[in-house]
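Below is one structure; the comments refer to it alone.
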Amino acid sequence: MTSSAGSNNGIVCRCYYRETHMPTSWHILGAGAIGCLFADALTAQGITTTLVLRDCAASAPLLTLERDGKTYNRQLASTPASAADQISRLLVTTKAYDVVSAIGSVRHRLALGADVVLLVNGLGYADQVAQIAPDITLYSATTTEGVFRRGPWDFCHAGQGVTLVGAMTASAPADWFTPWQNLGLKCRWTESIEPALWHKLAINCAINPLTAIHRCQNGALATRPELAAQVRQLCSEIARVSAAAGFESTANNIEHDAFTVIENTAENRSSMLQDTLADRPTEIDFITGHLVARADQLGVAAPLNSKLLEQIRHA
Ligand code: KPL
């Protein structure tokens, strides 16, 4: 990528020219279930894809993935975060609390104007990313793909979902998105990613904290009447916050949508329950924490959400 800077009525304009011969390649930061699913799918399409590994000496991981009832292996390329070669396209699939430090670890490698896609649960980290890496082009994504880890590099793609991708300001699909439509995963471009991210946040607020506190599968939130009543109360609070924040569709549909997800993922352990059971930090500050902060700003009461936030924080 080359760049030129000019001045227009005192406003400094920086123009980026992407060289058309530049080969498509991706780096993936966050070698968990979703990161490895995309690493596999991109590599399978002949797109050079490299996992960025932060805590171990770079070795080439041999991925085992069960998909559509078949298990296969794929050798993935990897690089240590500390390496020097440039990154022009980065897919971030870390935990929400890790996004900023993970991007910080490869900041020295990011090309001017690099495309960075945040495919991460929750909200509230994008501004900090833009602060530490102001010269990147930021995209966001949200997915309902169901993948779980069975071993260090062993994953099962248990449920096909949809991945929505977009830019924070409405725009036509990015040039790099075309091959994403042939990954064997359902990837769709959306001109309104913010409502999609908010909707996913709302679903996670309704499901994740309760499953972590009660150590239950998602389905129990519908079958146990006392938990279903709490889901309904959470949803009515979320609906009020959503309406005040201008997310009408979530405001109108959250209870119906939350129970649909609960039904469709009845056997799942939510990501927050998995984190709790594995004694890892949870993403609560970027899920319920974000909702409660927004409720406070908007002067909307969200007492049950606030209570669950404190319970998980102090668990
Ligand atoms: O996204 C999820 C999560 O676990 O984080 C849900 C939709 C609740 C599925 O388990």
Side-chain angles (χ1 to χ4, degrees), residues 30 32-38 92-99 118-125 140-150 155-165 185-187 193 195-224 227-228 230-232 234-235 237-238 242 247 249-250 253-291 304-305 308-309 311-313 315:
I34 295 294
C36 286
L37 179 73
F38 274 81
V92 181
T93 53
T94 62
K95 291 284 184 183
Y97 50 76
D98 217 11
V99 170
L118 303 178
L119 175 48
V120 177
N121 267 344
L123 283 170
Y125 37 74
S140 290
T142 176
T143 190
T144 55
E145 293 289 355
V147 195
F148 64 89
R149 192 192 281 270
R150 288 194 294 217
F155 299 92
C156 175
H157 187 196
Q160 168 115 59
V162 176
T163 302
L164 294 174
V165 189
L185 303 171
K186 286 187 187 147
C187 294
I193 191 69
L197 298 176
W198 180 268
H199 186 262
K200 177 79 191 315
L201 177 101
I203 296 286
N204 287 142
C205 287
I207 298 176
N208 293 24
L210 281 177
T211 57
I213 290 165
H214 297 279
R215 309 219 162 191
C216 61
Q217 291 173 316
N218 295 353
L221 302 186
T223 55
R224 286 170 55 181
L227 296 183
Q230 290 197 57
V231 173
R232 282 193 291 275
L234 289 171
C235 288
E237 294 177 12
I238 295 164
S242 302
F247 296 110
S249 172
T250 300
N253 302 308
I254 183 60
E255 187 177 312
H256 168 268
D257 293 353
F259 279 107
T260 304
V261 173
I262 288 168
E263 197 182 315
N264 292 342
T265 62
E267 307 289 310
N268 284 21
R269 287 176 168 178
S270 76
S271 54
M272 199 170 286
L273 173 58
Q274 290 178 46
D275 289 338
T276 304
L277 294 175
D279 222 9
R280 288 187 296 254
T282 72
E283 297 179 301
I284 194 73
D285 287 329
F286 299 87
I287 296 177
T288 308
H290 187 83
L291 180 103
L304 184 55
N305 281 282
L308 300 189
L309 173 63
Q311 256 177 279
I312 299 274
R313 272 181 179 160

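Order of appearance sets the numbers: ligands from 1, and atoms from 1 within every ligand.
For ligand 1, the protein residues within 4.0 angstrom (heavy atoms only) are Asn121, Lys200, Asn204, Ile207, Asn208, Asn218, Val261, Asn268, Ser270, Ser271.
No donor-acceptor pair under 3.5 Å is formed between the side chain of Glu145 and the backbone N or O of His157.
Between Leu291 and Ile287, the closest side-chain pair of non-hydrogen atoms is not below 4.5 Å. Side-chain contact between Leu119 and Phe38: present, with at least one pair of heavy atoms (C-beta onward) separated by less than 4.5 Å.
Thr211 meets the side-chain hydrogen bond (donor to acceptor under 3.5 Å, both in side chains) test with Ser270; sequence neighbours excluded. Qualifying side-chain hydrogen bond (donor to acceptor under 3.5 Å, both in side chains) partners for Thr276, counting only residues two or more places apart in sequence or in other chains: none.
Listed by first and then second residue, the salt bridge (charged side-chain N to carboxylate O under 4.0 Å, His left out) pairs that reach into residues 274-289 are Lys95-Asp275, Asp275-Arg280, Asp285-Arg313, sequence neighbours excluded.
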